[in-house]
Amino acid sequence: AQRNNNNNGRGRGNGRGKGFLDPASTHYIVLDPRSATGQERFFCLARGRCHYQIIDCPAQCPQRKPRRNRRVKGCFADCSSRCETTCRRRLPNCRGYGSVCYDPRFVGGDGQMFYFHGAKGGNFSLVSDEQFQINAHFIGWRPEGRSRDFTWVQSLAVIFDSHVLVVAAKPVAKWDDRLDALAVLWDGEEVDLPADGDAEWRRALPESNGEEIDEIIEVGQREVVVERTADRNSAKVTVSGLVEMDVKVVPITAEEDRAHNYLLPPGDAFAHLEMQFQFKRLTEKVEGVLGQTYRPGYVSPVKKGVAMPMMGGEDKYQLPSFLSTTCAKCIYHLENMASHESNNGANENKEKAHAASAVPRSIPGDQRKVALITGITGQDGSYLTEFLLGKGYEVHGLIRRSSNFNTSRLDHLYVDPHNAAKARMKLHYADLSDASSLRRWVDALLPDEVYNLAAQSHVAVSFEIPDYTADVVATGALRLLEAVRCSPKAARYYQAGSSEMFGSTPPPQSETSPFHPRSPYAAAKVAAHWYTVNYREAYGVFACNGILFNHESPRRGENFVTRKITRAVGRIRLGLQTKIFLGNLSAARDWGFAGDYVEAMWMMLQQEEAGDYVVATEESHTVEEFLQAAFGYVGLDWKEHVVIDPRYFRPAEVDSLKGDSSKARKALGWKPKVGFPELVKMMVDQDVEIAKREKVLADAGYIDAHQQP
Ligand SMILES: Nc1nc2c(ncn2[C@@H]2O[C@H](COP(=O)(O)OP(=O)(O)O[C@H]3O[C@H](CO)[C@@H](O)[C@H](O)[C@@H]3O)[C@@H](O)[C@H]2O)c(=O)[nH]1
């Protein structure tokens, strides 16, 4: 058989004589059109009935790629046993077999129509078979008061032979028909799809080296072709031997918005894909939301005749990320596919495919990440929120109902939620003691990352309210882990552990040091630590423990010793008080800056594997040394102001904490940026400022001048 490498639009076909490539059907040479009628002709190379026969395009559709108006039907040749040409639309037929259109409505391989909403921001496998997998990224919107998302498919990833082809609708704020919102990526790099000439992009993949001859005959040489079927926003995508897809990018129009009552927010046209698939050689085991409907003997569970027959399967086909091949029922394995090629550069391909997971941010399918934070109103919650917003995350925080506003640490980040385009931090009522509230928010928000920072975090107070402390700190973590485990989306989980867990274990303390908790708080944190490890080991939840040593900041609560001291320093300096009552001054702590520590939390969740990490400065100071530094900074002698009050001694004390954070420094590349003297200064500077303001109020008689913090 011949092979034709001519690139001018003629004489393409798959061109291999021996490998019975897909498409025997497209195994042809295109001949010059008949001069009288303009009908294009095909010289069939495929072995079988059509071998060396010429077939003409029908008169109604004389061209393969009608140029003037690409919306008209095109001519398709089938050189397999059918030996015929047909006229077909070159755009998806949303009523045809294998179509996925609208919000999304499917027509399966069995001809049954069904809806599958998935979840906004979610990724689901549409097809998973032995030789390839097709994943879809869903976008969407949930209007106030509705229990489910409206969703659309924004992008597709076809993963095969350790390559990744992504076809996507670019996010568009306001739709304009003159825009081309179609994006195509090949192994992570955007493809420049020509608009002129044949308006197509082709990639022939390297041939196998002949080692496993059976395999090669089966697979043959693959070719990937993307050809525009209109001037913009639509294409026919072929991965020879596996699949052909007609794809079109469309927006949600104002009219549709009204008709379906989507109540879409302004500033997003929700550009998405309409598509129709034609599969070649699916196996009988094929899986996926759409793939399963192609299995022989498949009986659709959806009710015929119902207006919106819903197909479930979110749990079976949900993926941890857009380019992942892992879902509960997925059968395609990247590793297996690549192994037969290990001698001819397949490893390189595999690497490229993995590199493709670094899809540029502007490319749909890898949209803004969603984080859910408990304890968002606390010191760490506010720093973490700032950090994640800076990284482009959408941040949701769970807050407890309180008769007083307790969101002051977040005020500078708050944007009214009515400003939907700008509000990227949202607060919701929930409580770690209320499992149903946690479950509801995890299910509703489908976060990528969950940070459990909420706690009754005061060690001394935990001796006063031990039950409550255990319930929130230990069982609360368990409740949240359970919500994460049961969520349809595999969120990554961060547990705020504490150096208090080491208790009386002497320093330096590392991940391998034994825990010996010395308070109800610390014992509860140990339980939460082990729940987290257990959920990782038992259920495969990506769950990390951050064992953070004391971390402080100007936002630290005023009844923790560092802030209690710096507040007093400011007020004493301004003459608003004279004394400060403290407990044990010989306790030593490894004090770092909270802003540095939240970065380590995030880093833990970006690793390939979940693990536990100590986060510390590796420097320890006593309370007395802190006093010296803080009072000394404003020229005061702490000894003239400190009064020891036995009330502040604890029933059991943790004498000395000093972390060994070498694992975090090595594995995460983390290290603290703020040292002890800078931390003290930063806190005193702010508290002197606050005291100045208080003095103005006190002088004017608005507050009691002698009030102690
Ligand atoms: N709070 C407080 N502590 C005092 C006082 N006087 C002396 N201290 C001593 O100062 C040390 C530090 O106390 P805190 O600042 O309350 O922090 P902590 O008990 O070490 O716990 C903090 O760090 C943990 C991480 O190791 C956190 O897990 C915990 O939630 C909290 O943030 C303790 O040894 C405490 O006995 C006082 O008047 N108030």
Side-chain angles (χ1 to χ4, degrees), residues 375 378-381 383 452-465 469 472-474 476-477 495-505 507-509 513 515-529 545-553 555-569 579-594 597-598 600-601 614-617 620-628 630 638 641-659 661 679-680 683 708-709:
Q379 167 189 258
D380 293 6
Y383 280 110
N452 184 27
L453 311 186
Q456 187 305 96
S457 66
H458 201 284
V459 175
V461 173
S462 77
F463 289 99
E464 312 284 328
I465 46 170
T469 303
V472 171
V473 174
Q495 170 61 30
S498 164
S499 53
E500 279 291 302
M501 298 188 295
F502 296 120
S504 55
T505 297
Q509 294 97 354
S513 304
F515 294 144
H516 189 141
R518 299 272 287 164
S519 62
Y521 166 80
K525 279 286 181 191
V526 171
H529 174 96
N545 283 294
I547 308 176
L548 271 51
F549 281 61
N550 295 48
H551 42 284
E552 320 293 310
S553 74
R555 296 185 202 167
R556 184 59 144 149
E558 294 187 15
N559 56 358
F560 295 93
V561 78
T562 55
R563 188 77 198 286
K564 183 170 169 181
I565 293 170
T566 59
R567 277 290 273 137
V569 166
K579 289 188 175 61
I580 167 171
F581 297 92
L582 291 172
N584 177 13
L585 304 191
S586 58
R589 292 289 182 272
D590 180 333
W591 278 300
F593 170 54
Y597 284 39
V598 298
M601 299 176 184
V614 158
V615 179
T617 67
S620 184
H621 296 273
T622 60
V623 175
E624 191 177 313
E625 284 166 353
F626 194 97
L627 281 168
Q628 223 149 15
W638 67 270
H641 303 281
V642 172
V643 179
I644 301 300
D645 182 342
R647 185 163 23 153
Y648 294 112
F649 283 80
R650 295 167 181 186
E653 177 62 284
V654 171
D655 294 325
S656 182
L657 292 176
K658 181 178 172 185
S661 55
L679 176 65
V680 175
M683 293 176 71
Q708 296 285 346

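Counting starts at 1 for both ligands and their atoms, following the listed order.
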Exercise for review: Evaluate the criterion side-chain hydrogen bond (donor to acceptor under 3.5 Å, both in side chains) for residue pair Thr617 and Asp590; output intermediate values, then yes/no.
Suggested key: CA-CA 6 Å; Thr617 67; Asp590 180 333; 2.5 Å; yes

Review point. Tell me: protein heavy atom nearest atom 33 (C) of ligand 1, and distance?
Key: Arg589 NH2, 3.5 Å

Check your understanding: Considering only heavy atoms of Ala587, which atoms of ligand 1 have at least one such atom less than 4.0 Å away?
Key -> 34 (O)

Check your understanding: Any donor and acceptor pair, going by atom type alone, linking the side chain of Lys525 with main-chain N or O of Ala496 inside 3.5 Å?
Key -> yes

Check your understanding: Any Lys/Arg nitrogen of Glu500 or Arg589 sitting under 4.0 Å from an Asp/Glu carboxylate oxygen of the other?
Key -> yes

Review point. Nearest heavy atom to atom 19 (O) of ligand 1: which of Arg647, Gln379, Arg650, Glu500 does it belong to?
Key: Arg650

Practice item. Could you list the atoms of ligand 1 found under 4.0 angstrom from a heavy atom of Tyr648? Key: 38 (O)

Review point. Are any of the heavy atoms in Phe649 under 4.0 Å away from ligand 1?
Key: no

Practice item. Check ligand 1 against His458 and write out every atom of the ligand that is under 4.0 Å from a heavy-atom position of the residue. Key: 1 (N)

Point to revise | Qualifying residue, where the test is side chain to side chain donor-acceptor pair (under 3.5 Å) with Asp380 and the options are His551, Arg556, Arg555 | key: His551

Revision key, fill the gap. Sorted by chain and residue number, the side chain to side chain contact (heavy atoms under 4.5 Å, CB included) partners of Gln456 (sequence neighbours excluded) come out as His458, Val461, Ser462, Ile465, Tyr468, Thr469

Practice item. Considering only non-hydrogen protein atoms, determine which one is nearest to atom 7 (C) of ligand 1 and report residue, atom name and distance to 0.1 Å. Key: Asn584 O, 3.2 Å

Check your understanding: What residue and atom, counting heavy atoms only, is the protein's closest point to atom 36 (O) of ligand 1, and at what distance?
Key -> Glu653 OE2, 2.6 Å

**Study point:** Location of contacts on Leu582 toward ligand 1, heavy atoms closer than 4.0 Å
**Key:** both

**Study point:** Ser504 vs His516, side-chain hydrogen bond (donor to acceptor under 3.5 Å, both in side chains): CA-CA, chis, key distance, verdict
**Key:** CA-CA 6 Å; Ser504 55; His516 189 141; 3.2 Å; yes

Exercise for review: Return yes when Arg556 approaches ligand 1 closer than 4.0 angstrom through a heavy atom, no otherwise.
Suggested key: yes

Exercise for review: Give the residue and atom name of whichever protein heavy atom lies nearest to atom 26 (O) of ligand 1, and the separation in Å to one decimal.
Suggested key: Ser499 OG, 2.5 Å

Exercise for review: Could you find the nearest protein heavy atom to atom 6 (N) of ligand 1 and give me its residue, atom name and distance?
Suggested key: Gly583 N, 2.9 Å

Review point. Should Val623 be counted as touching ligand 1, given the test is an N or O pair under 3.5 Å?
Key: no

Study note, to complete from the structure: Per side-chain contact (heavy atoms from CB on, under 4.5 Å), Val561 is matched among Tyr648, Phe626, Trp591 by Trp591

Exercise for review: Pick whichever of Val473, Asn550, Leu627, Asp380 has a heavy atom sitting closest to atom 18 (P) of ligand 1.
Suggested key: Asn550

Check your understanding: How close do Phe502 and Ser513 get, heavy atom to heavy atom, and via which atoms?
Key -> CE2-O, 3.6 Å

Review point. So is there a nitrogen or oxygen of Tyr521 less than 3.5 Å from a nitrogen or oxygen in ligand 1?
Key: yes

Check your understanding: Going by distance only, is there an N or O of Ser498 that falls short of 3.5 Å from an N or O of ligand 1?
Key -> yes

Review point. At a non-hydrogen distance cut-off of under 4.0 Å, which region of Lys564 contacts ligand 1 (side chain, backbone, both, or neither)?
Key: side chain

Review point. Thinking salt bridges, do Glu464 and Arg647 make one under a 4.0 Å N-O criterion?
Key: no

Check your understanding: Are any of the N/O atoms in Leu585 less than 3.5 Å from those in ligand 1?
Key -> no

Check your understanding: What is the nearest protein non-hydrogen atom to atom 21 (O) of ligand 1, stated with its residue, atom name and distance?
Key -> Val459 CG2, 3.5 Å

Exercise for review: Output yes when a side-chain donor or acceptor of Arg518 lies under 3.5 Å from a complementary backbone atom of Gly503, and no otherwise.
Suggested key: no

Revision key, fill the gap. For Ser457, the ligand 1 atoms with a heavy-atom partner under 4.0 Å come out as 29 (C), 30 (O), 31 (C)

Check your understanding: For atom 4 (C) of ligand 1, which protein heavy atom lies nearest, and how many Å away is it?
Key -> Val561 CG2, 3.5 Å

Practice item. Tell me, please, whether Phe560 has Arg563 positioned over its six-membered ring: NZ or CZ under 6.0 Å from the ring centre and within 45 degrees of its axis? Key: no

Study note, to complete from the structure: By ring-ring contact (aromatic ring centres under 6.0 Å, His included), Tyr521 pairs with (sequence neighbours left out) none

**Study point:** Asn545 and Gln495: CA distance, side-chain angles, deciding distance, side-chain hydrogen bond (donor to acceptor under 3.5 Å, both in side chains) verdict
**Key:** CA-CA 5 Å; Asn545 283 294; Gln495 170 61 30; 5.4 Å; no

Review point. Is it the side chain, the backbone, both or neither of Asn559 that has a heavy atom closer than 4.0 Å to ligand 1?
Key: backbone

